[in-house]
Amino acid sequence: MILAERAARLAAESDRRVLDIEIERLKLEIARLRRERFGQSAERSARIEQLELSLEDLEETAAAVEAAAETAEVQAHPRAKPARRPLPEHLPRVRVVEPSPSACPCCGGKLHKLGEDITETLERVPAKWQVIQHVREKFSCRTCEAITQPPAPFRPISRGRAGANLLAEVVFGKFGLHLPLHRQSGRFATEGVEIDVSTLADWVGAVSVALRPLVDAIADHARAGPRVHVDDTPVPVLAKGKTKTGRLWTVVRDDRPFSGADPLGAQAPDSTERRPSPPAAAYFYSPDRSGEHAEAFLAGFSGIMQADAFSGFGRLYQKGVIVEAACWAHGRRKFFELAELKKAPIAIEAVSRIDALFAIERDINGLAPEERLAARAERTRPLVDDLSTWLHHKRVGLSAKSDTAKAIDYLLKRWPAFTLFLTDGRVDLSNNAAERAIRGIAVGRRNWTFAGSDAGGRRAAALYTLIETAKLNGVDPRAWLADVLARLPGHPAKRIGELLPWNWAAGPDTLAA
């Protein structure tokens, strides 16, 4: 029996060690691929998904092996376990008291409680469906026989029978969780509620129209800032007998890195109190990548625009109202690929020098523009001047066709745009804010495959604007959409700002109905 137990224990330990090694290898591979995800990522993204599935399967197998070993009462080899996160404090607690003996099992004497041990388990109650009946009672006056009845309540969408919470669930499921409508319809059916895909599509279209005032208000706020981040991503769109490529653009206003502040807002125009300007991400659709579309959705904006080196922005810069700020992350990426793939010494050195600039930026992130500018003058400018001299020196000995020369030229030909941050404390070193805002679309694109039309692309842009702006402001998009859809039909148009995510975040119960 001892030998059998020892053999079982050794087998369990061996299986577990093999699985642990493979799990760590896959985690490392996934981390490496994620770092490069926004390069030429068609095959790489598929590879990441395959690795994640393999990792998930291995972790499930490892857990099963460990559980089986515990069931067999074989003591597993002690190993360091990751610290468990505490269960969320905001969740309600349901006490389930295990039955206790009423008398002492030894002598039958009376028991007195000494204390209790509590073991918590996280549980989820399935969604509950219900039909809300709005009852409007009729009354008749006994004196004049006049009939009185309360008016019909507002509905979130006209002629729709879906409640605000259900509409928010469907919209957030498609554009926040990337669940196509046919999948949502199938899930609802398994819960006993049959809703056709066409009905869900009608709801989404109606919601996009109902919330258009909020979309416009967010877009206006994004364009009103002193600096914006701009980026775009391709979106397949159905056309006659084929699929064409449209574009979804994002304009992100995020003044938090330089403590940008606005007056308290339209609700308090006379107040001198100031607060950090809330971030916003406005999305726009265009059927192609022509520069005229960028001019259209940036109409009215004047200030600093952080973007990649898209030639379509050229006319905007020539007009003089928009100043170009280049993205050091883009410039670094070209050297990074050469450093990792070819181990090119110049590329490795360039990455190291650019990383030093980002290290300084992490130290001064969130400071006022004047403080950022002073720190850059003292710490960053000498590094940038040295980098410029070094790049010019290295470029002399390289062929114009070499990849390293092209990476150097990308920086040197746009040097005024790359060095604008040295003269303006509001400028960021990178355009990562826009890339983060566009990432959700790149992920969701693999699920919903294509937009049905140009109108569908514009509808997606509007709903992404709402969901991503809520996220930027730390607001639960689903809860916010549900509350806004319930309030909006009876809300005064001139007070639409009260429903924007950064005002709603203070507490929906404090807002006027």
Side-chain angles (χ1 to χ4, degrees), residues 153-181 184 199-224 235 248-253 265-267 278-285 297 437 440-441 444 448 451-506 508 511-513:
F154 290 112
R155 293 185 177 183
I157 56 176
S158 61
R159 299 186 304 278
R161 295 197 298 172
N165 281 285
L166 177 55
L167 292 172
E169 176 85 14
V170 172
V171 170
F172 180 71
K174 179 174 182 179
F175 297 99
L177 301 178
H178 319 301
L179 295 174
L181 295 182
Q184 296 193 55
T199 301
L200 295 178
D202 290 342
W203 291 352
V204 171
V207 166
S208 69
V209 173
L211 297 179
R212 172 52 65 178
L214 286 172
V215 175
D216 293 339
I218 290 173
D220 290 341
H221 173 76
R223 288 187 292 250
V235 178
L248 272 176
W249 305 73
T250 185
V251 176
V252 179
R253 176 182 181 179
Q267 287 72 28
Y283 293 79
F284 303 90
Y285 170 81
F297 63 71
I441 298 174
W448 41 263
S453 63
D454 290 337
R458 289 189 289 270
R459 184 164 51 249
L463 295 173
Y464 273 124
T465 295
L466 300 170
I467 291 173
E468 294 303 321
T469 298
K471 290 180 181 179
L472 281 176
N473 286 274
V475 170
D476 177 2
R478 183 163 35 193
W480 173 65
L481 286 173
D483 185 68
V484 167
L485 283 167
R487 290 171 178 267
L488 195 58
H491 196 81
K494 63 181 180 180
R495 290 165 46 196
I496 198 69
E498 295 177 359
L499 300 180
L500 293 172
W502 47 87
N503 292 323
W504 188 89
L511 299 179

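As a basis for the values below, the full set of heavy atoms in this structure was taken, side chains included, without hydrogen atoms, waters or symmetry mates.
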- Checking side-chain contact (heavy atoms from CB on, under 4.5 Å) for the pair H491/E498: CA distance, chi angles, key distance, verdict? CA-CA 10 Å; H491 196 81; E498 295 177 359; 3.3 Å; yes
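- With sequence neighbours left out, the salt bridge (Lys or Arg N to Asp or Glu O under 4.0 Å) criterion links D202 to no other residue.
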- Message: Working note: Y283 + V215, criterion side-chain contact (heavy atoms from CB on, under 4.5 Å); need CA distance, chi angles, decisive distance, verdict.
- Response: CA-CA 9 Å; Y283 293 79; V215 175; over 6 Å; no
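- Checked by atom type and distance alone, the side chain of R459 never pairs as donor or acceptor with a backbone atom of G205 at under 3.5 Å.
- Residues R212 and A462 come closest through the heavy atom pair NH2-CB, 3.6 Å.
- For the pair D454 and R458, the salt-bridge criterion is not met [side-chain N within less than 4.0 Å of a carboxylate O].
- Here the side chain of Q184 pairs a donor or acceptor atom with the backbone of V170 at under 3.5 angstrom.
- The aromatic rings of F284 and F297 lie parallel to each other, with less than 30° between the two planes, well short of the 60° mark.
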- Message: What verdict does the side-chain contact (heavy atoms from CB on, under 4.5 Å) test give for N473 and L500, after you've listed the backbone C-alpha separation in whole Å, the side-chain angles of each residue and the deciding distance to 0.1 Å?
- Response: CA-CA 10 Å; N473 286 274; L500 293 172; over 6 Å; no
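- Side-chain atoms of W480 come within 3.5 Å of backbone atoms of L499 as a donor-acceptor pair (strictly under, hydrogens ignored).
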- Task: Apply side-chain contact (heavy atoms from CB on, under 4.5 Å) to D216 and I496, showing your working.
- Result: CA-CA 10 Å; D216 293 339; I496 198 69; over 6 Å; no
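- Inter-residue side-chain proximity for I467 and L481 is flagged as met; some heavy-atom pair is nearer than 4.5 Å.
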